[in-house]
Amino acid sequence: MTGTPETRASGLLADIADVGRDRMRGGYSRHVFDGAECELREWFAGEARRRGLDLEQDRNGNLWAWWGDPGPDAVVTGSHLDSVPGGGAFDGPLGVVSALSAVDILRARGVTPAKPLGVVVFGEEEGGRFGVPCLGSRLLTGSLPAEKALRLRDPDGTTFADAVRGAGLDPERIGADPELVGRIGRFVELHVEQGRGLIDLGRPVAVGSTVIAHGRWRLTFAGQGNHAGATPMDDRRDPMLPAAETVAAVRRIATSAPGTRATVGRVAANPGGTNVIASTVDLWLDARGPDVPSVVRDVEAAARAAAEAEGCTVELREESWGDEVVFDPALRDAVSAELGGVPALPTGAGHDAAVLSGHVPAAMLYVRNPTGVSHAPEEFAEDADVDAGAEALATVLAGLSA
Ligand SMILES: [Zn+2]
């Protein structure tokens with residue numbers, strides 16, 4: 001039995017399809033505590049109210065909607081509403097609309113959970129504004145110190161401290177919230193699959209097995225800014241050159257390290273003029289795999305050699321790190337069994353569930369993505385699979401909260 005049409009997960013997704021469209025990049029740009037993401041928070045609050053759920057914003061800006069009094073041993077589900085720049089419609093929102101729809105499905109099935117049921121929206125999961133992924137769940141669990149978070153800056157120079165103040169939160173109260181974490185008995189996040197696993201298996205839904213270790217680094221190359229026409233070619237210290245050589249080195253080094261995925265997807269030249277030799281160039285490295293530290297050491301050595309050859313300098317700073325995560329095997333098997341046995345898939349994408357898994361048993365459900373593409377406008381899920389995912393989530397929640 002499914003919910004009424006307007007409570008289907010696919011219908012809820014359609015309701016927010018126009019929020020945060022990015023006309024320049026395509027897809028969606030929804031960044032934490034900024035226009036579109038705030039609009040989605042309002043929308044979520046309205047949907048929670050419509051269902052009679054008790055809404056609260058925690059001290060780190062994550063939203064919680066409770067069915068039953070929040071307390072220990074709660075079963076919690078949810079995801080995020082922020083996106084990468086120019087991202088797809090499903091990464092994040094699919095888990096939120098499926099959670100809301102699952103509440104409707106449980107009610108339509110006549111199920112009243114014996115345990116409190118929470119629907120959560122985590123802030124800044126993508127790190128699209130402040131650079132650190134899973135910022136909301138890392139702060140909640142204490143895996144990122146508040147002092148470090150408050151100093152983060154977005155590309156416009158706004159600090160996280162100012163952003164949280166603007167969102168009506170107290171920067172002094174940002175940080176670990178053991179009382180709130182202590183309420184969570186088990187956490188289940190539903191997410192669009194970011195890969196081709198389910199296409200190849202011909203199945204709509206899978207359960208998560210592992211998340212590979214991943215981190216982000218910022219490399220700053222510094223040289224001498226100068227005039228593009230008046231500076232002879234043999235009299236330049238142009239940081240764009242070692243930056244470009246480093247991009248190529250990342251591909252070379254990652255290709256020779258089995259299981260590694262390394263990407264430079266963001267470069268910023270300062271001051272950034274066509275007729276100006278840059279004075280500095282920042283580039284951001286995203287590296288994931290079984291031996292990331294040695295990959296990063298090799299990239300740093302290559303960057304240093306390229307910088308010295310051009311008379312430039314380079315500085316490398318870690319922006320975030322997450323160890324490999326193996327989801328709780330007992331919970332994974334219980335979730336799979338509730339669904340009559342679904343495949344277990346590893347992923348190269350990070351998630352709030354992976355952060356929480358260091359503190360509470362956590363599991364993930366993936367929904368088939370027929371393009372296999374994510375973090376891009378082509379990310380997709382068929383309505384039938386979206387609704388099947390919400391049904392599966394409802395079944396899992398019913399089992400866990402009985
Ligand atoms: Zn996501």
Side-chain angles (χ1 to χ4, degrees), residues 84-88 91 125-128 131-135 137-138 143-144 191-201 206 208-221 241-268 281-307 314-327 343-355 357-358 364 366 369 371-376 378-379:
V84 298
D91 180 355
E125 192 275 342
E126 300 289 4
V132 176
C134 299
L135 190 58
S137 56
R138 284 183 205 248
S143 38
L144 180 76
H191 205 278
V192 69
E193 196 200 347
Q194 297 168 294
R196 307 186 53 86
L198 285 167
I199 305 174
D200 296 342
L201 292 165
S209 56
T210 57
V211 174
I212 61 176
H214 58 283
R216 297 181 184 187
W217 290 262
R218 176 181 182 151
L219 290 97
T220 302
F221 296 88
L241 262 85
E245 285 176 35
T246 301
V247 173
V250 165
R251 167 64 69 91
R252 200 171 54 243
I253 291 162
T255 303
S256 63
T260 299
R261 290 164 189 181
T263 306
V264 177
R266 182 179 167 202
V267 179
V281 173
D282 284 315
L283 67 82
W284 284 262
L285 169 68
D286 176 307
R288 310 176 190 224
D291 194 9
V292 171
S294 89
V295 167
V296 173
R297 267 196 304 278
D298 289 352
V299 169
E300 185 177 16
R304 219 167 276 295
V314 62
E315 189 193 341
L316 176 139
R317 270 167 298 169
E318 179 185 300
E319 292 201 332
S320 72
W321 174 250
D323 284 319
E324 190 203 23
V325 166
V326 178
F327 288 114
L345 290 177
T347 183
H351 295 290
D352 293 308
V355 173
S357 75
M364 290 198 72
Y366 298 123
N369 172 357
T371 67
V373 173
S374 187
H375 284 186
E378 292 78 12
E379 179 184 278

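Below, each value reflects all heavy atoms present in this structure, side chains not excepted, and no hydrogens, waters or symmetry copies.
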Participant: Evaluate side-chain contact (heavy atoms from CB on, under 4.5 Å) for His351 paired with Val325, printing each intermediate quantity in order.
Facilitator: CA-CA 10 Å; His351 295 290; Val325 166; over 6 Å; no
Participant: What do the steps show when you test Trp321 against Asp323 for side-chain hydrogen bond (donor to acceptor under 3.5 Å, both in side chains), and what is the final call?
Facilitator: CA-CA 7 Å; Trp321 174 250; Asp323 284 319; 2.9 Å; yes
Participant: Between Asp91 and Glu126, is a side-chain contact (heavy atoms from CB on, under 4.5 Å) present by the stated rule, with each step listed?
Facilitator: CA-CA 10 Å; Asp91 180 355; Glu126 300 289 4; 2.8 Å; yes
Participant: Any heavy-atom pair between the side chains of Arg266 and Asp286 that's under 4.5 Å?
Facilitator: no
Participant: Taking all non-hydrogen atoms of both residues into account, name the closest pair between Val211 and Ala354 and its distance.
Facilitator: CG2-CB, 4.1 Å
Participant: Do Leu219 and Val264 come close enough that some side-chain heavy atom pair is under 4.5 Å?
Facilitator: no
Participant: Measure across Met364 and Ala353 and return the closest heavy-atom pair with its distance rounded to 0.1 Å.
Facilitator: CG-CB, 3.6 Å
Participant: Flag the pair Arg216 / Trp284 as yes when at least one side-chain heavy-atom distance between them is below 4.5 Å, and no otherwise.
Facilitator: no
Participant: Could I get the full list of salt bridge (Lys or Arg N to Asp or Glu O under 4.0 Å) partners for Arg138, not counting sequence neighbours?
Facilitator: none
Participant: Which distance, rounded to the nearest 0.5 Å, do you find between the OG of Ser374 and the CD of Glu193?
Facilitator: 9.5 Å
Participant: Working to the nearest 0.5 Å, report the span between CD of Glu319 and CH2 of Trp217.
Facilitator: 10.5 Å
Participant: Using a 4.5 Å cut-off on heavy atoms from C-beta on, say whether the side chain of Leu285 contacts that of Leu316.
Facilitator: no
Participant: For the residue pair Val295 and Ala257, what are the closest heavy atoms and their distance?
Facilitator: CG2-CB, 3.8 Å
Participant: Any non-hydrogen side-chain atom of Val267 less than 4.5 Å from a side-chain atom of Val281?
Facilitator: yes
Participant: Can you confirm whether more than 12 heavy atoms, excluding those of Arg218, are under 6.0 Å from its CZ atom?
Facilitator: yes
Participant: Check whether any side-chain heavy atom of Val296 sits under 4.5 Å from a side-chain heavy atom of Glu318, and report yes or no.
Facilitator: no
Participant: Rounded to the nearest 0.5 Å, how far apart are OH of Tyr366 and OG1 of Thr347?
Facilitator: 4.5 Å
Participant: Are the side chains of Phe221 and Thr246 in touch, meaning some heavy atoms are under 4.5 Å apart?
Facilitator: yes
Participant: Within the side chain of Thr371, is there an N or O that forms a donor-acceptor pair under 3.5 Å with the backbone of Glu378?
Facilitator: yes
Participant: Measuring only between side-chain heavy atoms, which start at C-beta, is Asn369 closer than 4.5 Å to Gln194?
Facilitator: no
Participant: Do you know which two heavy atoms are closest between Arg288 and Val292, and how far apart they sit?
Facilitator: C-CG2, 3.5 Å
Participant: Testing the basics here: between Ser320 and Val132, what is the closest heavy-atom pair and its distance to 0.1 Å?
Facilitator: CB-CG1, 4.2 Å
Participant: What is the minimum heavy-atom distance between Ile212 and Gly348, and which atoms define it?
Facilitator: CG1-CA, 3.6 Å
